[in-house]
Amino acid sequence: MVASTTSLSATFSSLSFNHHHHHPSFLSSLHPSFPIPKHLQKPLSLRHKLTPTKVNPSDINTIFFDNTDSEEISTFSPPERPEDFVPPPSFDEGPFESEDEIAKAYEELYGAAYSGETFLGNDVYSMDSKVKKTTGFGSKSKKEKVRDGFEERVVQVRRVTKVVKGGKQLHFRAVVVVGDKQGQVGVGVGKAKEVIGAVQKSAVNARRNIITVPMTKYKTFPHRSEADYGAAKVMLRPASPGTGVIAGGAVRIVLELAGVENALGKQLGSNNALNNARATVVAVQKMRQFSEVAEDRGIPMEELWK
């Protein structure tokens, strides 16, 4: 057994291995009990390291930098213009666009104007689908609150259901009152699939229905008034200074946003918020100032109290 091992090691020592035969896995494959030298136990990547090549400074060409002066100031000399060169006209010179051409260009970009005029034959009462998606109600873009001096107050938000062929459609209806507390007030109603969209629609509708409330210098009504809208009936009475607004429901909201500080109001019929708000508007529209009555009769205001 010892003689066979000695002859096997002598045979391997006499062999000349190539560079790739020195790998430990190759040596261990020849015989399981063959001893692997320590200098071959390291990985091949650690035993053979690449040394970077050194660049000889004499091989770099620096003749261009030797001929230049670092302190010399170089001047830029532009090329000469050709003989047939014509300078372009200035922006402020030349033919200006007329107002009609400018209006046509704006109409091509933003669509027909809402003023009722069109220069390209478009329908001014229809909104472009692209504009409607970006600026219409229900769009995802965040909208800033309109700052026109009017305050908004939500009177009622109701969930309404519409039964159609495929099932039920759920919407929200909002009643909003807007006013500047200076005698201007309006009532609007809107319906949408979301509460925010319904409030925005009703606010726009209320701004389209603005009325003027006649008031005296004591912020009250000039005389009594009664009106009804549907089944709702509203009674309004003037009050002395310091009384405040004694009313309830939608009547109180309408009077407060109109700027009335002293008044009495009473809902006599239905309890519907929308009908009561509109009945208040009708009752206010029936009121007339003393100056208007005197002007219609052709007499001075002092004659009205005789």
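All residue numbers refer to positions in the sequence shown, counting from 1.
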Worksheet item: Which pair of non-hydrogen atoms, one from A250 and one from A273, has the smallest distance, and what is that distance?
Response: CB-O, 3.4 Å
Worksheet entry | Value rounded to 0.5 Å, distance of NE2 in H171 from NZ in K162 | 7.5 Å
Worksheet item: Side-chain heavy atoms under 4.5 angstrom apart, residues restricted to Ile, Leu, Val, Met, Phe, Trp, Tyr: same cluster for V187 and V204?
Response: no
Fill in: Heavy atoms of other groups near N271 CG, more than 12 under 6.0 Å
no
Worksheet item: Out of curiosity, L268 CG to K233 NZ, how far, rounded to the nearest 0.5 Å?
Response: 6.0 Å
Worksheet item: Do the side chains of R159 and R173 get nearer than 4.5 Å, heavy atoms only?
Response: no
Item to complete: Could you tell me whether a side-chain N or O of S202 sits under 3.5 Å from a main-chain N or O of A198, the two making a donor and an acceptor?
Response: yes
Practice prompt. Measure the shortest side-chain to side-chain distance between D180 and E151 over non-hydrogen atoms and say whether it is less than 4.5 angstrom.
Written response: no
Fill in: Within one Ile-Leu-Val-Met-Phe-Trp-Tyr cluster: V189 and I253, side-chain cutoff 4.5 Å
yes
Worksheet item: Are any of the side-chain nitrogens in R297 or E292 under 4.0 Å away from the carboxylate oxygens of its partner?
Response: no
Worksheet item: Can you tell me how far CG of D228 sits from CG of N275, rounded to the nearest 0.5 angstrom?
Response: 10.0 Å
Worksheet item: Under 4.5 Å between side-chain heavy atoms, hopping through other hydrophobics if needed: is there a path connecting V185 to M287?
Response: yes
Worksheet item: Considering only heavy atoms from C-beta outward, does the side chain of E295 approach that of Q289 to under 4.5 Å?
Response: no
Worksheet item: Is the side chain of T220 donor-acceptor paired with the backbone N or O of A263 at a distance under 3.5 Å, no angle test?
Response: no
Practice prompt. State plainly whether one hydrophobic cluster holds both V176 and V254, where clusters connect Ile, Leu, Val, Met, Phe, Trp and Tyr through side-chain heavy atoms under 4.5 angstrom apart.
Written response: no
Practice prompt. Any chance you could measure L264, atom CG, to L236, atom CG, to the nearest 0.5 Å?
Written response: 9.5 Å
Practice prompt. Looking only at non-hydrogen atoms, find the nearest pair between A279 and A227 and report the distance.
Written response: O-CB, 3.7 Å
Practice prompt. Would you sort out whether L274 and R278 count as a side-chain contact (heavy atoms from CB on, under 4.5 Å), showing the intermediate values?
Written response: CA-CA 6 Å; L274 179 59; R278 288 180 172 173; 3.7 Å; yes
Fill in: Steps toward salt bridge (charged side-chain N to carboxylate O under 4.0 Å, His left out) verdict (R153, E256)
CA-CA 10 Å; R153 192 176 301 180; E256 286 182 350; 2.8 Å; yes
Practice prompt. Specify the closest pair of heavy atoms between P222 and T216, including all atoms of both residues, with the distance to one decimal.
Written response: CA-CG2, 4.0 Å
Discussion item. Would you say that more than 12 heavy atoms from the other residues, nucleotides or ligands in this model lie under 6.0 Å from the CD of E303, or not?
Written reply: yes
Worksheet item: So how far is it from K286 NZ to R224 CZ, rounded to the nearest 0.5 Å?
Response: 15.0 Å
Worksheet item: Quick one: are F221 and L255 in side-chain contact, heavy atoms under 4.5 Å?
Response: yes
Item to complete: Report yes if the side chains of V234 and N276 come closer than 4.5 Å at any heavy-atom pair, otherwise no.
Response: yes
Worksheet item: Which atoms form the tightest heavy-atom contact between M301 and A294, and what is the distance?
Response: CG-CB, 3.9 Å
Item to complete: Return the set of residues passing side chain to side chain donor-acceptor pair (under 3.5 Å) with T212 (not counting sequence neighbours), or none when no residue passes.
Response: Q184
Discussion item. Return the CD to NZ distance between E194 and K201, rounded to the nearest 0.5 Å.
Written reply: 10.5 Å
Discussion item. side-chain contact (heavy atoms from CB on, under 4.5 Å) for L257 and V178? Distances and angles first, verdict last.
Written reply: CA-CA 7 Å; L257 291 181; V178 300; 5.7 Å; no
Worksheet item: Can you get from Y229 to V155 by hopping between Ile, Leu, Val, Met, Phe, Trp and Tyr side chains that sit under 4.5 Å apart?
Response: no
Fill in: Heavy-atom side-chain contact between V284 and I211 under 4.5 Å
yes
Discussion item. Treating N262 as the side-chain partner and G244 as the backbone partner, does any N or O pair qualify as donor plus acceptor under 3.5 Å?
Written reply: yes
Fill in: E226 and K266 ion-paired at < 4.0 Å
no
Fill in: Within-4.5 Å side-chain heavy-atom neighbours: I210 and F150
yes
Fill in: Side chains of F172 and V160 in contact at under 4.5 Å (non-hydrogen atoms)
no
